[in-house]
Amino acid sequence: MVRRHEVEAELPAAARRANGGDRAARPLRQGRLLRTVRKIGLAAAILLLALVAVVLFNTLRLKAEPLGKVPPPLPTDTAAVQRLSKALQAQTISTETGPASPEVFAAFHTFLEQSFPRVHAQLKREELPGGSLLFTWPGTDPSAPALLLMAHQDVVPVEAGSEGKWSAPPFSGTIAYGFVLGRGAIDDKGSLMAILEATERLLARGYRPKQTIYLAFGHDEERGGEGAKAMAALLKQRGANIGLGLDEGYAVLDGVIGGVNAPIAMIGIGEKGYVSFELTATGAGGHSSMPANDNSAVRIARAVERLAEHQMPARINGASGAMLDGIAPYGGFAMRAALANRWLTGPLLERQLLAVPSTAAAIRTTTAPTILNAGTKDNVIPQVAHAVVNHRILPGDTVESVLQHDRRVIDDPQVQVRPASFQQDPGTPVSPKSAEYRQFSALVRSSFPEAGISPGLVVGATDGRHYQGVAKAVLRFVPITMRKGDLTRFHGNDERIAIADYMRAIAFYERLMSSAERR
């Protein structure tokens, strides 16, 4: 009988290992494996601790500027409040068909001349075609970069049938409960009147600015800003040396930004570009009782759906990244950690921002179908169908790149895509490190000590875009406080401004125009 140990002795070493091998070596192999696992675990633990340390370091180094208390209310200038009320009664309405009539603007200009006699007597006043107003206040030092303050005279219409949703008639300029109510109170006659009030006060004191000051009040901002475009061209032709330009845009946002524990004075350092494309689909048409596959209404609907489902890519950089950096120190710990470590949290942060329309608009070029039109009768298949899609263009994209994107996504030779409105590429945002931004933000900080300061990207369009290349830096900020409920008042119902905010706005513009003497 062959014994087992004799057979195993004759087997090759590899065979013995395959069959269990040298049992004496097993503890050695298991020991090496255990040591390897321990080393991997230790390395992973070290990497994890290092990661946590980096995240904590980046989070904790975010130091918010110490905030002060809200200053006591300024005395109410009753006459100034009454003048604002009168301004809101002027129906300088811009519609799709055109701006307000020359008679309406003439009456409004007469009111301004009567309300601000020193401004009209001591500043050079020019009225451009359409009703835009340009005032020039020469400075004592021609070499000093000029200051440009912008606002617009026109307002949007009140939607038919919505008048009853207002607390008072929308063009009444009603003064009640600490507010002045009326279309244009915020957008943008409040700014226009506050600038003129501040100028009139300075003139009454005999003040003479070191820098030349321009006041540019467009007449048609709500329909493209041709007035501002003409004034910008005029200033450029004259070789105006303008340092800072200031237009409407953001404000002090209190309780508006989720997760932020303080009011934020958001200073717009740039704005998105603008274009609307008209989509035209064609088909065979015919009787609705015999529908064919070639239906222009179906084709246009499919094109719009494709654009809605395949949006432009999101990006957190440039002005959008600067905005997140600015608000990060004022957030809770989780928010600070996420924003301070975008290298790690970028994809998750992007998904969260895209989930909310207001924040999604800050990180990508938006696509919004706004008009659909097809057919003339319920039993006739239309031969032609139209749609209009509006885009607000993120810096880094252009009108041309968005056009190519839309054509590629639609991918239908029977759908033509062409521009349907004025076109504006986004300009280059102002650097938060620039002298103009730093000087202006210092003024905002001293005027609103209760608020943090952050740069931001304005997602709408303003007249300020026309002055890029004319002014060295165009910023967008209105010196009032806005709360969450106020956002719906823009172009909506019950537009209003608090009297206390209006007094602070006048004082702010007064300080801005005289601040050059203290630099």
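Bear in mind that the values here come from a model prediction, so they are computed numbers and not experimental data. We use all heavy atoms of the structure for the numbers below, so side chains are in, but hydrogens, waters and symmetry mates are not.
- When every heavy atom of Ala362 is checked against every heavy atom of Leu457, the shortest pair comes out as O-CD2, 4.0 Å.
- In plain terms, the two heavy atoms of Thr366 and Ala361 that are nearest each other are CG2-CA, 3.8 Å.
- With hydrogens and angles ignored, the 3.5 Å screen pairs no side-chain donor or acceptor of Glu278 with any backbone N or O of Pro419.
- A donor-acceptor pair is defined here as one N or O able to donate and one able to accept, closer than 3.5 Å; no such pair exists between the side chain of Ser94 and the backbone of Val155.
- Remark: the backbone N or O of Arg306 is paired with a side-chain donor or acceptor of His310 at under 3.5 angstrom.
- In this structure, the separation between CG on Leu148 and CD on Gln211 is 11.0 Å, given to the nearest 0.5 Å.
- Put simply, the side chain of Gln153 gets close to the backbone of Phe217: a donor and an acceptor are under 3.5 Å apart.
- The shortest non-hydrogen separation linking Met503 to Val81 is CE-CG2, 3.9 Å.
- Sorted by first then second residue, the salt bridge (Lys or Arg N to Asp or Glu O under 4.0 Å) pairs that include residues 350-367, not counting sequence neighbours, number zero.
- The closest donor-acceptor contact from the side chain of His391 to the backbone of Val402 lies at 3.5 Å or more, if one exists at all.
- Of the residues Lys189, His219, Arg183, the one that meets the side-chain hydrogen bond (donor to acceptor under 3.5 Å, both in side chains) test with Thr92 is Lys189.
- Side-chain atoms of Met266 and Met323, non-hydrogen and from C-beta on, do get closer than 4.5 Å to each other.
- Using bins of under 30°, 30° to 60° and over 60° for the plane-to-plane angle, the ring pair Tyr274/Phe422 lands in the parallel bin.
- By the 4.5 Å heavy-atom criterion applied to side chains, Val252 and Ile480 are not counted as neighbours.
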Salt bridge (charged side-chain N to carboxylate O under 4.0 Å, His left out), that's the test. Do Lys69 and Glu450 meet it? Break it down for me. CA-CA 5 Å; Lys69 296 181 179 179; Glu450 74 277 18; over 6 Å; no

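- Panel note: side chain Ser514, backbone Glu510; a donor-acceptor pair is recorded below 3.5 Å.
- Arg336 pairs by the side chain to side chain contact (heavy atoms under 4.5 Å, CB included) definition with Thr59, Leu62, Phe333, not counting sequence neighbours.
- Looking at residues two or more places apart in sequence or on another chain, you find a side chain to side chain contact (heavy atoms under 4.5 Å, CB included) between Ala303 and Leu279, Ile410, Val415.
- Between the side chain of Thr365 and the backbone N or O of Ile393, no donor-acceptor pair lies under 3.5 Å.
- Within the 3.5 Å criterion, the main-chain N or O of Ala80 finds a donor-acceptor partner in the side chain of Asp77.
- Each salt bridge (Lys or Arg N to Asp or Glu O under 4.0 Å) pair with one or both residues in residues 474-491, not counting sequence neighbours, appears once here: Asp254-Arg483, Glu271-Arg476, Asp486-Arg489.
- Taking the charged nitrogens against the carboxylate oxygens, Glu197 and Arg83 do have a contact shorter than 4.0 Å, which makes a salt bridge.
- Note on residues 128-143: no pairs pass salt bridge (Lys or Arg N to Asp or Glu O under 4.0 Å), not counting sequence neighbours.
- Under 4.0 Å is where a charged nitrogen must lie from a carboxylate oxygen, and between Arg407 and Asp412 no such pair does.
- For Gln404, the CD atom counts as densely surrounded, since its 6.0 Å shell holds more than 12 non-hydrogen atoms of other residues, nucleotides or ligands.
- Looking only at distances, no side-chain donor or acceptor of His386 sits under 3.5 Å from a matching main-chain atom of Asn373.
- By the 6.0 Å contact criterion, CD on Glu126 is enclosed, its count of non-hydrogen atoms from other residues, nucleotides or ligands being greater than 12.
- A salt bridge does not link Lys229 with Asp463: every distance from a Lys NZ or Arg NE/NH1/NH2 to an Asp or Glu carboxylate oxygen is 4.0 Å or more.
- A salt bridge links Glu127 to Arg125: one of the charged nitrogens lies within less than 4.0 Å of a carboxylate oxygen.
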Decide yes or no on salt bridge (charged side-chain N to carboxylate O under 4.0 Å, His left out) for Arg465 and Glu221, but give the supporting numbers first. CA-CA 11 Å; Arg465 67 188 185 278; Glu221 188 271 350; 5.2 Å; no

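- Side-chain atoms of Ile327 and Met335, non-hydrogen and from C-beta on, do get closer than 4.5 Å to each other.
- Asp187 pairs by the side chain to side chain contact (heavy atoms under 4.5 Å, CB included) definition with His152, Glu222, Glu248, Phe490, His491, Glu495, not counting sequence neighbours.
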